[in-house]
Amino acid sequence: MLQWTGSMFQSCDGTSWTIFARTIEGTPAPFSFINQTNVPFNTAIISNAVILSGFTGTLAAACNAGCTGIYRNGIWIGVSGNFSSGDTIAIQLTSAPTATTATTATVRVGGMTSGIWTVTTAASVVITPDPFSFTNVTNVNPSATVTSNAVQLQGPAGTWTATCGAGCTNIAKNNVWLGTTATGFVAGNFIAIQQTAASTVNTARTAQVTVGSTTSALWMVTTAGTANACDGTPRPGTICADGTIYVGLSPDGNVKMYTTRCDAYMNWNGTSCIGARTPLSWNDGTGNTITTGANSNVSGRANTAALVALGSSPSPAPYVAANYCNDLTVNGHSDWYLPAREEIALLFPISNEGTANGFTPASYWSSTEQWGGAQNLSMRDGSWPYIDQQRSEKHIRCVRR
């Protein structure tokens, strides 16, 4: 009598079984998950993500005893599903309802069963945040630093420490970046994390963060299917193939708008902006002010053209900030202009993505004149300071459409 067990043949001669071992084509390399301790009672716990390898094609995965769910590349797929080599797999179980109690689970992929994953509850009730997750991001540039959305932590009163898990490179508490470990989180605080996108196109990477004893769901970032992540419908803040930053849709015609990687007189060296950050006056820096007519709230291109056309006289021409953008050639483009009030407002959300986009928490000129002064936006908090004198010096970030 012959019997196939899924990984070997067994033969019975009526008295005993003889095993004929055979390596299965397409069996994944052995894999296991990291055991967890001190978890809360009766709670869905997610394992770390593991990359599957050692096979080609597609293999079926299914939960074994104790497993209550499977994640493929950070996405919940139920208790079974198909996996390819290079996919990440994570599983979930429900922790015990009593203290210091271990619960185990395994998952089977093809003919390979994972190592036993053990999750042990705490010795007493753990004050921990409620489960939380970040919004997956797609169509990003290879190797880009990507920032998650900010999530408000909820849960019972307590103070928690946040620690980066695999893939996470930075943690922000209430919009302040603190590194891979951050202390002092309480319910109501906002948390965001960063990760570095894969270096190849159409590739997913995941990241997690643990706050107290609650680990976030896997946050997945996928690079664009082509070399230019700004094709199609990119996310504001996306770094384009030409090195510019996609800002969003300009209110002037509802068309795509881009900004430079750095402020005036600075250059991107592949890692950060270098050079002296140089604020500029709106006019020639004198105290005289005239009404220029550059007062559109939506068309910086029209405002810039009007200011440049005024030339160098009478004083207080030339209009330095507008002329700087008009004369700029960078990233292969020479059609830059000083953004209008509603256009520069689109820059504030992307100014908070760490140092990747080169902003400083200070005021930036728009091209919109008002009441003998000009509008300027604070990149510290997104507010509009008072209408400032045109001779004042502020930072410049040019845009194009």
Side-chain angles (χ1 to χ4, degrees), residues 236-237 244-260 262-266 277-328 334-352 357-401:
T244 60
I245 305 172
Y246 175 68
V247 174
L249 298 178
S250 167
D252 183 16
N254 201 40
V255 295
K256 286 182 176 180
M257 189 171 75
Y258 309 87
T259 188
T260 58
C262 302
D263 286 353
Y265 298 107
M266 302 184 78
R277 194 185 302 273
T278 306
L280 300 174
S281 57
W282 200 81
N283 64 16
D284 68 358
T286 71
N288 298 323
T289 298
I290 63 172
T291 300
T292 66
N295 55 11
S296 174
N297 283 327
V298 298
S299 182
R301 189 164 59 173
N303 288 340
T304 299
L307 293 169
V308 170
L310 292 173
S312 58
S313 65
S315 181
Y319 290 87
V320 175
N323 274 276
Y324 173 84
C325 291
N326 183 71
D327 296 340
L328 181 65
S334 57
D335 55 347
W336 301 98
Y337 61 87
L338 190 64
R341 173 191 165 103
E342 299 306 320
E343 290 179 313
I344 199 172
L346 297 176
L347 301 185
F348 175 68
I350 68 171
S351 73
N352 293 301
N357 292 337
F359 288 89
T360 188
S363 290
Y364 284 69
W365 278 126
S366 80
S367 60
T368 303
E369 181 184 60
Q370 190 170 3
W371 302 328
Q375 293 275 2
N376 57 101
L377 174 69
S378 170
M379 294 300 173
R380 182 182 302 279
D381 56 15
S383 64
W384 295 95
Y386 58 88
I387 308 301
D388 214 342
Q389 298 182 48
Q390 297 173 4
R391 66 181 178 182
S392 299
E393 292 185 340
K394 301 192 185 301
H395 295 289
I396 301 296
R397 186 62 71 96
C398 305
V399 300
R400 63 176 297 272
R401 298 168 46 196

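Quick note: residue numbers are just sequence positions, from 1. Heavy atoms only: backbone and side chains are in, while hydrogens, waters and symmetry mates are out.
- Looking at Thr292, its side chain does come within 3.5 Å of a backbone N or O of Ala294 through a donor-acceptor pair.
- Side-chain N or O atoms of Thr260 include one that pairs as donor or acceptor with a backbone N or O of Cys262 at under 3.5 Å.
- Looking at heavy atoms from C-beta onward, Arg391 lies out of side-chain contact with Thr286 at the 4.5 angstrom threshold.
- Between Met257 and Leu249 the shortest side-chain heavy-atom distance does not fall below 4.5 Å.
- Here the straight-line distance linking atom CG of Asn254 with atom CG of Asp252 works out to 10.0 Å at 0.5 Å rounding.
- Under the 3.5 Å distance criterion, the side-chain polar atoms of Ser281 are left unmatched by any main-chain donor or acceptor of Glu393.
- A donor-acceptor contact shorter than 3.5 Å is absent between the side chain of Ser312 and the backbone of Pro318.
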| Could you go step by step and tell me if Tyr324 and Trp336 meet the side chain to side chain contact (heavy atoms under 4.5 Å, CB included) rule? | CA-CA 9 Å; Tyr324 173 84; Trp336 301 98; over 6 Å; no
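- In this structure the side chain of Lys256 never reaches within 4.5 angstrom of the side chain of Arg401, judged on heavy atoms.
- Considering only heavy atoms from C-beta on, Pro361 stays 4.5 Å or farther from Met379 through its side chain.
- The CG atom of Asp263 sits 10.0 Å away from the CG atom of Leu280 when rounded to the nearest 0.5 Å.
- Side chains of Trp365 and Ile396 form a contact here, defined as non-hydrogen atoms less than 4.5 Å apart.
- In this structure a side-chain-to-backbone donor-acceptor pair under 3.5 Å is present from Ser392 to Gln389.
- Leu346 and Pro251 get closest at one heavy-atom pair: CD1-CD, 4.3 Å.
- With contacts defined as side-chain heavy-atom distances shorter than 4.5 Å, the pair Tyr364/Ile344 qualifies.
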- Item | Verdict with reasoning, Tyr258 to Val399, per side chain to side chain contact (heavy atoms under 4.5 Å, CB included) | CA-CA 5 Å; Tyr258 309 87; Val399 300; over 6 Å; no
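- Closest heavy-atom contact between Ser296 and Ala340: O-CB, 3.6 Å.
- Residues Ile350 and Ile245 are in side-chain contact: their nearest non-hydrogen atoms beyond the backbone lie under 4.5 Å apart.
- Side-chain atoms of Thr291 do not come within 3.5 Å of backbone N or O of Gly293 as any donor-acceptor pair.
- The line from CG of Leu328 to CZ of Arg400 is 11.0 Å long, rounded to the nearest 0.5 Å.
- Heavy-atom neighbours of Arg380 CZ from other residues, nucleotides or ligands within 6.0 Å: at or below the threshold of 12.
- What you find for Ala345 and Leu377 is that their closest heavy atoms are CA-CD2, 3.9 Å.
- To the nearest 0.5 angstrom, Thr304 atom OG1 is 5.0 Å from Leu338 atom CG.
- Of all non-hydrogen atoms in Glu343 and Gly300, the two that sit nearest each other are OE1-N, 2.9 Å.
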Could you walk me through whether Ser383 and Asp381 pass the side chain to side chain donor-acceptor pair (under 3.5 Å) check?
CA-CA 6 Å; Ser383 64; Asp381 56 15; 2.6 Å; yes
Please report the C-alpha distance between Thr259 and Leu347 in whole Å, then the side-chain angles of each, then the deciding distance to 0.1 Å, and finally whether the side chain to side chain contact (heavy atoms under 4.5 Å, CB included) criterion is met. CA-CA 8 Å; Thr259 188; Leu347 301 185; 4.0 Å; yes
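- At distances below 3.5 Å, not a single donor-acceptor pair connects side-chain atoms of Asn326 with backbone N or O atoms of Ala322.
- A side-chain donor-acceptor contact under 3.5 Å links Arg397 to the backbone of Gly358.
- Side-chain N or O atoms of Ser367 include one that pairs as donor or acceptor with a backbone N or O of Pro339 at under 3.5 Å.
- Heavy atoms of other residues, nucleotides or ligands lying less than 6.0 angstrom from CH2 of Trp384 number more than 12.
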Audit row: Tyr337, Asn303, side chain to side chain donor-acceptor pair (under 3.5 Å) steps and yes/no:
CA-CA 9 Å; Tyr337 61 87; Asn303 288 340; over 6 Å; no
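- Using a 4.5 Å cut-off on side-chain heavy atoms (C-beta onward), Arg341 and Glu369 make no contact.
- Centroid-to-centroid, the aromatic rings of Phe348 and Phe359 stay 6.0 Å apart or farther.
- Remark: side-chain polar atoms of Trp282 are paired, donor with acceptor, to backbone N or O of Ser366 under 3.5 angstrom.
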